[in-house]
Amino acid sequence: MIRFGLCCIFKEEPIRFGRATAGFLLKFSPAERRERLSKICLANAQSLFRALAFCRQNGIGCFRINSQILPLKTHPDLGYEVSDLPDAKTIMDTFKACGRFGRDHDIRTTFHPDQFIVLSSPHADVVARSVADLEYQAEVAGWVNADAINIHAGGVYGDKASALMRLRETVEMLSDPVRKRLTLENDDKSYSPRDLLPVCEDMQIPLTYDVHHHRCLKDGLTLEQATAQAAATWNREPLFHLSSPEKGWESGAPRHHHDYIDIRDLPKL
DNA sequence: AGCGGTCAAGTTGAT
DNA sequence: ATCAACTTGACCGCT
């Protein structure tokens with residue numbers, strides 16, 4: 001039995017996730033900043049609960065949580081600890097209620113840190129900021145009981161083997177909350193399933209197989225082989241990504257994602 | 001209320 | 001050299 005999931009944002013349902021901008025917040029006193037951030041964080045925790053309730057009501061088994069659920073959490077000037085926010089207890093309690101709801105109704109949650117999270121970068125500061133962001137998402141993942149923090153392998157920098165070696169070294173140093181949830185996903189430009197499978201198998205990192213990306217960046221593996229080999233890297237229910245090209249496979253840019261999925265793109269197997 | 005410029009961050013490939 | 005793309009529009013000053 002396959003469960004299907006939703007991704008981050010609602011268009012029709014009145015469920016919204018707020019954000020904040022650094023330039024605006026910096027105009028206020030530190031206390032005022034914490035007050036504003038606290039309100040957004042609390043509203044987002046409550047929105048997440050309603051998102052999960054929507055999933056339950058509509059037979060949806062998985063929900064991807066957006067990376068700015070706690071806005072500016074690791075920003076160099078405005079970063080904060082949830083425990084320092086005025087609504088800290090309510091925020092954490094609400095997230096934990098999301099976790100119980102997900103457990104009670106078997107709704108899986110996942111994270112997908114954005115493109116700035118790059119563990120293969122040769123720049124130490126980029127890696128350090130990336131790790132900080134992973135730590136923040138793992139903290140929330142602990143509250144909401146999310147079992148996957150899924151990232152891409154990042155850049156190649158002209159030498160894929162060296163880049164993957166840097167990634168492996170960084171993974172070795174991750175904290176346990178991040179490490180036990182970390183998964184790698186094949187992308188559409190640089191890293192195919194064949195590139196990532198050896199890393200995933202060696203280090204026991206599950207591979208999130210994205211069939212759309214694989215169709216854009218082929219590697220000699222068939223869809224069936226990649227699916228089976230990716231599934232074998234999971235010590236729990238595997239996670240897959242599926243999407244459709246915005247203007248069809250015959251267009252010049254099949255990489256662009258459509259808002260909806262063409263059922264013909266769902267692999268028969 | 002609505003419009004438009006802007007928003008923390010990395011890397012790649014198309015133009 | 002610029003820019004869109006990536007998992008996803010939302011925020012905020014101005015009129």
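Lettering follows sequence order; numbering is per chain, from 1. Please read these numbers as outputs of a predicted model, since none were measured by experiment.
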Spacing of the [atom1] atoms in [M] and [N] (rounded, Å):
N	M	atom1	answer
C:dG9	C:dA5	C1'	15 Å
B:dG10	C:dA10	P	24 Å
C:dA4	B:dC7	P	15 Å
B:dT6	C:dC3	P	12 Å

Can you check the [X] [atom1] to [N] [atom2] distance for me, whole Å?
X	N	atom1	atom2	result
A:Asp114	C:dA10	CG	P	16 Å
A:Asp210	C:dC6	CG	P	11 Å
A:Lys11	C:dT7	NZ	C1'	13 Å
A:Glu13	C:dT8	CD	C1'	17 Å
A:Asn44	C:dT8	CG	P	18 Å
A:Phe111	C:dC6	CZ	P	22 Å
A:Asp77	B:dC7	CG	C1'	15 Å
A:Asn66	C:dT7	CG	C1'	9 Å

Mind checking who [N] pairs with, Watson-Crick or G-U wobble, both distances under 3.5 Å?
N	value
B:dT15	C:dA1
B:dG2	C:dC14
B:dA8	none

Selected nucleotide, minimal atom distance to [X] side chain, candidates [options]:
X	options	answer
A:Ile9	C:dA10, B:dT12, B:dT11	C:dA10
A:Pro122	B:dT11, B:dA9, C:dT7	B:dT11
A:Cys8	B:dA9, C:dT7, C:dC12	C:dT7
A:Arg19	B:dA8, B:dT12, C:dG9	C:dG9
A:Lys189	C:dA5, C:dA10, C:dC12	C:dA5
A:Arg16	C:dA10, B:dT12, C:dC6	C:dA10

Below the 4.0 Å mark, does [N] have OP1 or OP2 next to a side-chain nitrogen or oxygen of [X]?
X	N	answer
A:His152	B:dT11	no
A:Lys27	C:dG13	yes
A:Arg129	B:dG10	yes
A:His75	B:dC7	no
A:Thr21	B:dT6	no
A:Lys73	B:dA8	no

Check your understanding: Is the aromatic ring centre of A:Phe116 closer than 5.5 Å to the centre of the six-membered base ring of B:dG10, with the two planes inclined by less than 30°?
Key -> no
Classify [X] by what it touches in the nucleic acid, base, sugar-phosphate, or nothing, heavy-atom distance under 4.0 Å.
X	answer
A:His241	nothing
A:Pro113	nothing
A:Gly154	nothing
A:Ser121	sugar-phosphate

Review point. Taking C-beta and beyond as the side chain, do A:Ile151 and A:Leu134 meet within less than 4.5 Å on heavy atoms?
Key: yes
Check your understanding: If we only count heavy atoms from C-beta on, is the A:Thr90 to A:Thr94 side-chain gap below 4.5 Å?
Key ->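 Side-chain contact under 4.5 Å: yes.
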Practice item. Considering only NZ, NE, NH1 and NH2 on the basic side and carboxylate oxygens on the acidic side, decide whether A:Arg3 and A:Glu237 come within less than 4.0 Å. Key: yes
Exercise for review: May I ask you to say whether A:Asp262 pairs ionically with A:Arg264, meaning some side-chain N is under 4.0 Å from a carboxylate O?
Suggested key: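 Judged by the 4.0 Å cut-off on N to carboxylate O distance, A:Asp262 and A:Arg264 do form a salt bridge.
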Point to revise | Under 3.5 Å side-chain donor-acceptor pair for A:Asp188 and A:His212 | key: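 Their side chains do not contain a donor-acceptor pair, so the 3.5 Å distance test is not met.
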Check your understanding: Does A:Arg36 or A:Cys7 map to a spot on DNA chain C nearer the 5' end, using the closest nucleotide for each?
Key ->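 First, find each residue's nearest nucleotide; the 5'-ward one identifies A:Cys7.
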Review point. Which atoms form the tightest heavy-atom contact between A:Leu182 and A:Pro206, and what is the distance?
Key: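 Closest heavy-atom pair between A:Leu182 and A:Pro206: O-CD, 3.5 Å.
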Review point. Which class fits the ring pair A:His112 and A:His152: parallel under 30°, tilted 30 to 60°, perpendicular over 60°?
Key: tilted
